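Position 1 is the first residue of the sequence; numbering continues from there. Bear in mind that the values here come from a model prediction, so they are computed numbers and not experimental data.
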Amino acid sequence: PYFKVIDKDKDMTISPRLYNNNNLFVQTEYRQAFKDSSLITDFSYNKKSGTNLHFFSKLRGDFDDSFYEMKIETVSNKDYLKKYQITSPLIKNNSVLNSSFIIETYNDEYNFSSSIDIIEDLAKSNSDKYEYIFPNYKFSKEIGLKNNFFNSLNFNSSGTYRKFNTNVDEGDLINDIILNSNNQNQFSNFQTDLNFLLKNTNTYGDKSSTYKEDKDSKLFGSVIMNLEYPLIKNNNISKSFLTPMASLRFSPNKGLNLKNENKNILNFQDLFIIDRIGKNTVES
């Protein structure tokens with residue numbers, strides 16, 4: 001590889017390969033830093049039995065309370081990356097490419113993120129190799145409730161629409177309302193945390209194996225109460241802490257069967273979260 005510093009904010013690396021059959025392969029990485037963003041591109045050129053090339057690019061930046069990222073990943077031949085064993089810091093593997101645009105906003109009022117994805121599976125046939133995900137968003141907002149039984153209200157909304165395998169469509173829209181009441185003096189030294197969850201799920205399926213055909217809407221409810229009794233022991237040289245905890249939860253709804261889905265790891269803190277599954281259902 002040949003490394004070249006073009007200026008204080010840009011550089012490039014050129015990696016040529018020469019073969020004894022007059023086959024030339026050249027891969028180039030170009031990097032540039034801007035005031036509030038950075039750009040990395042990775043592209044190659046090969047002329048053997050026609051013109052072959054790949055082009056990867058990532059632009060990342062921020063403004064105000066927002067972050068954005070735009071990625072382009074494309075290749076002229078589905079076997080090109082594997083044949084020449086092309087590696088790049090911009091892709092995770094050489095079988096699936098993902099071109100996307102992501103924007104995220106975080107502030108004291110709300111959190112919002114949205115993305116557009118075009119996924120290309122190079123191992124599939126031309127008719128089924130593309131998957132389109134648009135729109136895909138998440139929104140959350142917390143509202144403080146003063147002088148009420150509940151301390152706060154959390155509103156979460158998320159939605160996704162996918163088209164894959166040529167003619168399979170799946171869409172979901174999930175809205176959650178969580179009411180929280182935290183009381184540290186209700187039962188002597190007991191600390192109580194009471195949460196109510198109201199979940200509205202809307203799904204759409206067309207030739208889908210996951211969702212029902214056409215539109216489907218459901219409403220779920222759940223409640224959880226967490227109890228803590230903090231204890232402390234003082235002596236001359238140290239302090240010891242022990243906090244027994246208990247959690248009681250109830251839902252009148254029948255949850256969905258998720259045994260065939262990939263499971264996320266539940267850690268200790270998840271035991272006391274009302275929506276610990278994070279799916280379009282609740283625990284029965």
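- Side-chain contact check for S157 and N175: at least one donor-acceptor pair (N or O, by modelled atom type) lies under 3.5 Å.
- Separation of atoms OG (S158) and CD1 (I174) is listed at 4.5 Å; rounding is to 0.5 Å.
- Remark: K58 NZ is packed, more than 12 non-hydrogen atoms of other residues, nucleotides or ligands lying under 6.0 Å away.
- A side-chain N or O of S44 and one of Y80 form a donor-acceptor pair less than 3.5 Å apart.
- In this structure, the separation between CG on D176 and CD1 on I178 is 6.0 Å, given to the nearest 0.5 Å.
- Between the N136 side chain and the S115 main chain, no donor and acceptor come within less than 3.5 Å of each other.
- Checked against a 6.0 Å centroid threshold, the rings of Y110 and F139 count as neighbours.
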request  = Report the C-alpha separation of M225 and L227 in whole Å, then their side-chain angles, then the decisive distance to 0.1 Å, and conclude whether the side-chain contact (heavy atoms from CB on, under 4.5 Å) test is met.
outcome  = CA-CA 7 Å; M225 174 176 281; L227 304 174; 3.8 Å; yes
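- Residues Y211 and D172 bring a donor and an acceptor atom of their side chains to less than 3.5 Å of each other.
- Taking CG of D214 as the reference point, atom CG of D169 lies at 11.5 Å (rounded to 0.5 Å).
- S208 and E170 share a donor-acceptor pair across their side chains, judged by distance under 3.5 Å alone.
- More than 12 heavy atoms of other residues, nucleotides or ligands sit less than 6.0 Å from atom NZ of K141.
- Inspection of the N180 and N182 side chains reveals no N or O donor paired with an N or O acceptor under 3.5 Å.
- Side-chain contact check for S251 and S284: no donor-acceptor pair (N or O, by modelled atom type) lies under 3.5 Å.
- In summary, the side chains of N202 and S217 do present a donor paired with an acceptor at a separation below 3.5 Å, with no hydrogens or angles considered.
- Other residues, nucleotides and ligands contribute at most 12 non-hydrogen atoms within 6.0 Å of the CD atom of Q85.
- Ring pair Y130/Y132 is parallel by interplanar angle, where below 30° counts as parallel and above 60° as perpendicular.
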task = Given salt bridge (Lys or Arg N to Asp or Glu O under 4.0 Å), test R276 with E283 step by step and report yes or no.
result = CA-CA 9 Å; R276 59 185 176 183; E283 296 178 73; 2.6 Å; yes
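- Ring-plane geometry between F196 and F150 is classed as perpendicular, the angle between the planes exceeding 60 degrees on a 0 to 90 degree scale with a lower cut at 30.
- Proximity of a side-chain donor or acceptor of D62 to a complementary backbone N or O of S37 within less than 3.5 Å is not detected.
- The line from CG of D128 to OG1 of T166 is 3.5 Å long, rounded to the nearest 0.5 Å.
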